[in-house]
Amino acid sequence: MESARRPLVSQLWVKNRRNEAVLDPERPALSWKELQPKSGRVCHSVPISEIIAVETEQKRYNSDTWQKFNHHAFTVHYAQRAQKHCWRCSAVTFWCKDEELCHQWIQAIKKLLELQTSRPKHLLVYINPYGGKQQGKQIYEQKVAPLFSLASITTDVIVTERANHAKDDLFEVNLEKYDGVISVGGDGMFSEVMHGLIGRMQKDSSIDQNNPSAPLAPCNLRIGIIPAGSTDCICYATVGINDPVTSALHIIIGDLQHMDVCSVHHNNTFLKYSVSLLGYGFYGDVLKDSEKNRWMGPTRYDFSGFKTFLSHHYYEGTVSFQQANQTLGSPRDKSTCQSGCYICKQSTQEVEEKRKRHHYNLEETEDDGDWKVIRGKFMAINAANMSCACPRSPKGLSPAAHLAAGTIDLILVRRCSRLNFLRHLVRHKNQDDQFDLAFVEVYRVKTFLFTPKHSENEDTDNKDVRKKHFNQICNGNHSSCGCNHVNSIWNCDGEALDHAAVEVRVHCQLIKLFARGIEEDSKP
Ligand SMILES: CCCCCCCCCCCCC/C=C/[C@@H](O)[C@H](COP(=O)(O)O)NC(=O)CCCCC
Ligand SMILES: Nc1ncnc2c1ncn2[C@@H]1O[C@H](COP(=O)(O)OP(=O)(O)O)[C@@H](O)[C@H]1O
Ligand SMILES: [Ca+2]
């Protein structure tokens, strides 16, 4: 027992250079350094938690050297930080003449890997072959499957044949045999997997999803995202990059990131869950237009974004919300949510206590605060459940939003000139503060309601009549035009909602991801 805790120290060869290799179960890490370095002494160190696999090096090289000296070797594959947030699978091969020593090293590393209990062994994978640039299947087969197999992870892979295939399947499948579910696709595919898992969990716990105030049962299975979509915001905002290999490595090493989920209801009827952006006005209109141009792939958003910007519509309605407690930070904070975020950690404790109280039918002690009501004309109403960082906007719609604090950042962009709206949009791309504008307000909330000024029936009833009598050119106030722009639609993680009047509520840490949040500085 005692010897298992002692470091294993040996002289091993790495690329013709003699090294001292140390496997220290206490740290726990594998490190090696050259014994007679040509230039400065470099010590390499890999935490055991980031080792992907160890393999006996077969005598595949059949080289003279190998034959002559009868060398034995093993290779350690590990996750290495490449550029910012980007991880790669690196390998180092250690050589020695003693077969027994080589075997001892392999066994010692394998033993330490077995102690990494958060790693998945068996995964259920859904691939959307239709999202993004329609490369989901190739991305999975070429970049991800070989890494899973190297890490001895077994998989059941389903290539979806229609929209909602993954969601429906998750209601039927035996989930007990899996350690996680992987979504290969964009935010829409993730949303399907999430709806399947959350819906299944509520069904198994007899919780009615139509009740907006029902405390939802959390999902224990982690979800992994292999980005192969058009925006990939959920992946980008939880990992720091939309790179399939980086995501695969986070899955293999068994990372964990809790995440809040918003429920969206209309008249006590459940519509959808949202984890990234719930956007009415600008982002709703972009979505509506972009769906017509799916053949363009991800570029459809730029095309529709430009068209929507030119059309410059505003929408009237009332937003009511309850602000979150100040201990949960502010959307104007300069600091952002990062790996190990203390605000999210504080919420982990609170949510556990809340679930316990609910389990024992104890009374709720939470003070929900006053409702604030804002009536107005809006270019956009955006509810960001996370920063919504993505390649189009690397800091996101709400840079200081948290992944797991149980809050949503509600951004109200009031009617303004085209130039001002452009100033606001451009600030999503540069370092300037997109909220520091007179027509933009931002609140950190737990729940909100939106009621459009015009009844939803008005849109559908009058559309055909108006189209018949007036031409298509719209001057922006819609009183006489034939365009159907009295109300916008909600963009819910890239999917359209059927109703404009909604009740939105955040459910703290309802799901878990194979991710770790944004690392402060992950450059080597
Ligand atoms: C003149 C410069 C203007 C630049 C404006 C850029 C603003 C970009 C903000 C992007 C926010 C994205 C929020 C993410 C939403 C996604 O969940 C959703 C679906 O993703 P996917 O299924 O992977 O396609 N994506 C969108 O709704 C796209 C919005 C793009 C708007 C231009
Ligand atoms: N096999 C399929 N055929 C058509 N649509 C699908 C299929 N599988 C999933 N979908 C749907 O495709 C839509 C877009 O997927 P998504 O992964 O978000 O790609 P993108 O990022 O390009 O929008 C989602 O609404 C999802 O439900
Ligand atoms: Ca989508």
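Because the structure is a prediction, the values reported are computed rather than measured.
Aromatic ring pairs are classed by plane angle as parallel below 30°, tilted from 30° to 60° and perpendicular above 60°; the pair His195 and Phe270 is tilted. In this structure, Phe450 and Tyr280 have tilted ring planes: the angle between them lies in the 30° to 60° band.
Put simply, the side chain of His424 reaches to within 4.5 Å of the side chain of Val413, judged on heavy atoms. At a threshold of 4.5 Å between non-hydrogen side-chain atoms, the residues Ile153 and His122 do not count as touching. Side chains of Ile374 and Glu441 form a contact here, defined as non-hydrogen atoms less than 4.5 Å apart.
Ion pairing between a basic and an acidic side chain is recognised when a charged N comes within 4.0 Å of a carboxylate O; Arg300 and Asp289 show no such pairing. Between Glu291 and Arg294, at least one side-chain N (NZ, or NE/NH1/NH2) sits under 4.0 Å from a carboxylate O, which counts as a salt bridge. Between Asp255 and Arg222 there is no salt bridge, since no side-chain N of the basic residue sits under 4.0 Å from a carboxylate O of the acidic one. Salt-bridge check for Arg505 with Glu503: passed, with a basic side-chain N closer than 4.0 Å to an acidic carboxylate O. With respect to Lys137 and Glu141, a salt bridge is recorded, a charged nitrogen being found less than 4.0 Å from a carboxylate O.
If you check the side chains of Asp285 and Tyr315, you find a donor sitting under 3.5 Å from an acceptor. No hydrogens or angles considered: nothing links the side chains of Asp232 and Ser230 as a donor-acceptor pair under 3.5 Å. Side-chain N/O atoms of Gln209 and Tyr273 include a donor and acceptor closer than 3.5 Å. With no hydrogens or angles considered, no side-chain donor-acceptor pair links Lys372 and Gln322 at under 3.5 Å. In the model, Asn267 has no side-chain atom that pairs as donor or acceptor with a side-chain atom of Thr269 under 3.5 Å. For the 3.5 Å distance criterion, the side chains of Thr348 and Gln509 qualify, holding a donor opposite an acceptor. A donor-acceptor contact closer than 3.5 angstrom is absent between the side chains of Asp493 and Ser191.
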Point to revise | Pair Phe421-Phe439, ring-ring contact (aromatic ring centres under 6.0 Å, His included): steps then yes or no | key: CA-CA 9 Å; Phe421 193 55; Phe439 53 93; 7.7 Å; no
Practice item. Could you walk me through whether Phe514 and His250 pass ring-ring contact (aromatic ring centres under 6.0 Å, His included), step by step? Key: CA-CA 6 Å; Phe514 285 109; His250 281 283; over 10 Å; no
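Applying the side-chain hydrogen bond (donor to acceptor under 3.5 Å, both in side chains) criterion to Thr407, with sequence neighbours excluded, gives no partner residue.
Both tests do not hold together for Arg200 against Phe171: distance to the six-membered ring centre under 6.0 Å, angle to the ring axis within 45°.
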